[in-house]
Amino acid sequence: MASLKVLNALHEVDYHAPTEGPPAPTGQEAEALFESEKALAAAANIIKKKTALLQARHVSHLKRLSYLESVVSEKDRIIRQREVLVSKLVSGFCAVAPLNASRSDGPLRASVSIVIPVRNGGDRLRRCLDRISRQKKVDRVELIVIDSGSADGSVDVAKSHGAKVIQIPSESFNHGATRQLGVHHASGEYVVYTVDDVVPSSDYWLFKVVAAFEANSDLSVITARQLITEDADLYSRWANETGYEAYGLTADTKYSMTSPDLFDLLPVPMKRRMSFVDDVCACYRKESLLRYGFASLANGEDVDIGARMARAGERLGFLNTAGVYHWHSDGPAYFLKRNYNGAKTFVDVLADELPNFETLCVSSVDDILRKSWVLYHTIRLALLEWEPGAEARLDDIGVFLGRFNDVVEHYQCRMKKVTEDAGGDSDMRALLEALSGKTLVTTTEGNHFRYNHLILNFSEDLRRFLGYCIERRGSMRINKEAFGDVLFKIASAVIGNALGYWYMHLKKCGHGEEMSRVDLALAKGVCFR
């Protein structure tokens, strides 16, 4: 019982609070606090002290580098300690074990159905199906393509590869319901779900996934890793290489709840870890799909089915040693939409707690959009004033942090001196304009950094990214364009999360219709096309 009390206390922590420690004060005390910190909390020490070190000529490069590393390391140490504590507390009712991925020598006898939702897959679909058609040592493979109104010849491509094609109207596409349609058409003992822009990592990808199932008869579903190549953009590399680590998915693993009724007591990150399923590449036992099925969800159908399986005590698996090449090279606007819908899913399915919007001084969607514009322009102006060499060194990044801090100090002045469209990211700007109109674009009245929790959240994610860069400094080459792309994508993710949580707050209060226009705009391209 003592462990449960501690766990419940941890569960009560607001993972979206702008700072660590007790809840932020309100009234004049809060105003003084945010004014003094200038809403840079997590990044303030890095920015100010790093800049001071760069200006001190007698401080060696090694000492400057060591300082930045120590700041990042100390923060990471605290986070790791908390994660270790939580892991120890929950280990009594969470079973995690190595997944036996041993493989037989001969071809597998099992029948496999591969289901792929498609709309205008183009050359991506052709590459995907070409590689699937080359899979070896799995003789009984059924290919099912569910097309939702392609106009680019995707249907013909699918048929030329021997696929069974199911055509549905584009307006009826739904991530959950469309995949459930595939369940009823699949005849295989195992059903693999993937997407049209993946490329299997080898000609033995399917064999490795199904063979792992054959060697682990206790599993209901196996998710295979998403891989990247050197062609991937910097943001995708960072997200891919650190995302699985955050959930402890760094080896072939199987996991289940020994006390399924306690699943909903877990902190949200642990819930996701113990129910991890990702339909970019997931293989289900057919009988498990018939038992649980996909809910008719516009987004997050894999998060939902994984959570329901975990609550029922089913055992799930993750393959780190097999997977598909897949990442999103889209612009920042896509990641704003993706995180918006992801936040909604985590609240709906995993009961993620909503931030205290009163403390964050948010009373309308316009409040979040104003803060979004300030974050966007702060990054834009800092990048305009930053001129690294062909490749940005850590010292150059330290200079950028100084520029960022300087923009915060003199935001109104900088905004008045620089034209609205100089620099920035047109993709992100266009989406913000569509959501807010031009009335919020360039306002310079008031203190935009007081209570701006988006700046805080951005700074925290930037800290993580810098830690990633430090750890891999010997093998990374970063130019200004790539660095700026990462910054705008981090900002877009932060904004998307904030808007998603605000929508769920309104929905909880029975006022979700107030964001219907924004919700429709942000769902398009992610939940439907």
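Looking only at atom types and distance, the side chain of Asp130 has a donor-acceptor partner in the side chain of His161 under 3.5 Å away. Between the side chains of Tyr468 and Arg464, no donor N or O sits under 3.5 Å from an acceptor N or O.
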Worked verdict on Ser236 versus Asp233 for side chain to side chain donor-acceptor pair (under 3.5 Å):
CA-CA 5 Å; Ser236 295; Asp233 61 279; 2.7 Å; yes
Which is it for Ile228 and Tyr325 under the side-chain contact (heavy atoms from CB on, under 4.5 Å) test, yes or no, and what are the steps along the way?
CA-CA 5 Å; Ile228 56 173; Tyr325 290 107; 5.8 Å; no
Please assess Tyr501 against Phe357 for the test ring-ring contact (aromatic ring centres under 6.0 Å, His included), listing each intermediate value before the final yes or no.
CA-CA 9 Å; Tyr501 288 125; Phe357 285 108; 7.7 Å; no
Working for salt bridge (charged side-chain N to carboxylate O under 4.0 Å, His left out), residues Arg308 and Asp304:
CA-CA 6 Å; Arg308 286 188 286 115; Asp304 173 74; 2.9 Å; yes
ring-ring contact (aromatic ring centres under 6.0 Å, His included) between Phe483 and Trp386, worked out
CA-CA 11 Å; Phe483 186 69; Trp386 183 53; 5.2 Å; yes
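At least one side-chain heavy atom of Val141 sits less than 4.5 Å from a side-chain heavy atom of Leu206. In this structure, the side chains of Arg273 and Leu249 come closer than 4.5 Å at one or more pairs of heavy atoms. The closest side-chain heavy-atom distance from Ser275 to Met309 is not below 4.5 Å. In this structure, Gln135 and Lys137 have side chains that are not in contact, with every pair of non-hydrogen atoms separated by 4.5 Å or more. Two residues are said to be in side-chain contact when any heavy atoms from C-beta on lie closer than 4.5 Å; Arg237 and Thr229 fail this criterion. Between Val183 and Lys286, the closest side-chain pair of non-hydrogen atoms falls below 4.5 Å. Contact annotation: the side chain of Ile116 approaches that of Ile132 to within less than 4.5 Å [non-hydrogen atoms, C-beta and beyond]. By the 4.5 Å heavy-atom criterion applied to side chains, Ser256 and Glu314 are not counted as neighbours.
Looking at Asp252, its side chain does come within 3.5 Å of a backbone N or O of Asn320 through a donor-acceptor pair. The main-chain N or O of Ile368 is found under 3.5 Å from a side-chain atom of Ser372 such that the two form a donor-acceptor pair. In terms of modelled atom types and a separation under 3.5 Å, the side chain of Asp302 and the main chain of Asp279 share a donor-acceptor contact. Checking side-chain atoms of Lys480 against main-chain N and O of Leu383 turns up a donor-acceptor pair under 3.5 Å. A distance-only check finds no donor-acceptor pair linking the side chain of Lys271 to the backbone of Ala307 [under 3.5 Å]. Ser201 places a side-chain N or O within donor-acceptor distance of the main-chain N or O of Gly323, the cut-off being under 3.5 Å. Without hydrogens or angle criteria, Arg285 side chain to Leu219 main chain gives a donor-acceptor distance under 3.5 Å. Remark: side-chain polar atoms of Glu391 are not paired, donor with acceptor, to backbone N or O of Asn479 under 3.5 angstrom. At least one donor-acceptor pair closer than 3.5 Å links the side chain of Asn240 to the backbone N or O of Gln226. Judged by distance alone, the side chain of Asp485 and the main-chain N or O of Glu481 form no donor-acceptor pair under 3.5 Å.
Between Tyr244 and Phe276, the angle of the ring planes goes over 60°, which puts this pair in the perpendicular group of the 30/60° scheme. Ring geometry, Phe465 versus Trp238: the interplanar angle exceeds 60°, so the pair is classed perpendicular (tilted spans 30 to 60°). Ring-plane geometry between Phe173 and His175 is classed as perpendicular, the angle between the planes exceeding 60 degrees on a 0 to 90 degree scale with a lower cut at 30.
Summarising the geometry, atom CG belonging to Leu375 is positioned 11.5 Å from atom NZ belonging to Lys371; distances are rounded to the nearest 0.5 Å. In this structure, CG on Leu227 lies 11.0 Å from CD on Glu241, to the nearest 0.5 angstrom. Going from atom CZ of Arg315 over to atom CG of Asp218 covers 5.0 Å, rounded to the nearest 0.5 Å. With values rounded to the nearest 0.5 angstrom, Asn100 atom CG is found 12.5 Å from Glu214 atom CD. Annotation: the span from Leu266 atom CG to Phe93 atom CZ amounts to 5.5 Å, rounded to 0.5 Å. Put simply, CE on Met428 and OG on Ser492 are 4.0 Å apart, with the number rounded to the nearest 0.5 Å.
Annotation for Arg291: atom CZ counts as buried by contact number, over 12 foreign heavy atoms lying within 6.0 Å. More than 12 heavy-atom neighbours from other residues, nucleotides or ligands sit within 6.0 angstrom of CZ on Arg134. For Arg126, the CZ atom sits in a loose shell: 12 or fewer heavy atoms of surrounding residues, nucleotides or ligands are nearer than 6.0 Å.
The cationic group of Lys344 lies under 6.0 Å from the six-membered ring centre of Tyr503 and within 45° of the ring axis, placing it in a cation-pi geometry. Lys489 forms no cation-pi arrangement with Phe335, by the criterion of a distance under 6.0 Å to the ring centre and an angle within 45° of the ring axis. Cation-pi geometry between Arg272 and Phe346 is not met at under 6.0 angstrom from the ring centre and within 45 degrees of the axis.
The residues Glu301 and Arg179 are annotated as salt-bridged, a charged nitrogen and a carboxylate oxygen being separated by less than 4.0 angstrom. We find that Asp396 and Arg393 are joined by a salt bridge, their nearest charged nitrogen and carboxylate oxygen being less than 4.0 Å apart. Here Arg131 pairs with Asp203 in a salt bridge; the nearest charged N to carboxylate O distance falls below 4.0 Å. In this structure, Asp147 does not pair ionically with Arg119, as no charged nitrogen and carboxylate oxygen lie closer than 4.0 Å.
Residues Tyr235 and Phe488 keep their aromatic ring centres 6.0 Å or farther apart.
Here the closest heavy-atom approach between residue Val277 and residue Gly306 is recorded as CG2-CA, 3.7 Å. Pairing each heavy atom of Val210 with each of Ala110, the nearest pair is CG1-CB, 4.3 Å. When all heavy atoms of Pro332 and Asp427 are compared, the pair lying nearest together is N-OD2, 3.1 Å. Closest approach of Ile222 to Val209, counting heavy atoms only: CD1-O, 4.1 Å. The two residues Arg140 and Arg109 have their closest heavy-atom pair at NH1-O, 2.7 Å. Counting all heavy atoms, side chain and backbone alike, Pro260 lies closest to Gly313 at CG-CA, 3.6 Å.
Each of Asp519, Ile495, Asn497 was compared with Tyr340 under the side-chain contact (heavy atoms from CB on, under 4.5 Å) criterion, and only Asp519 meets it. For the ring-ring contact (aromatic ring centres under 6.0 Å, His included) with Tyr284, the lone residue among Phe213, Phe294, Tyr190, Tyr292 that qualifies is Phe294.
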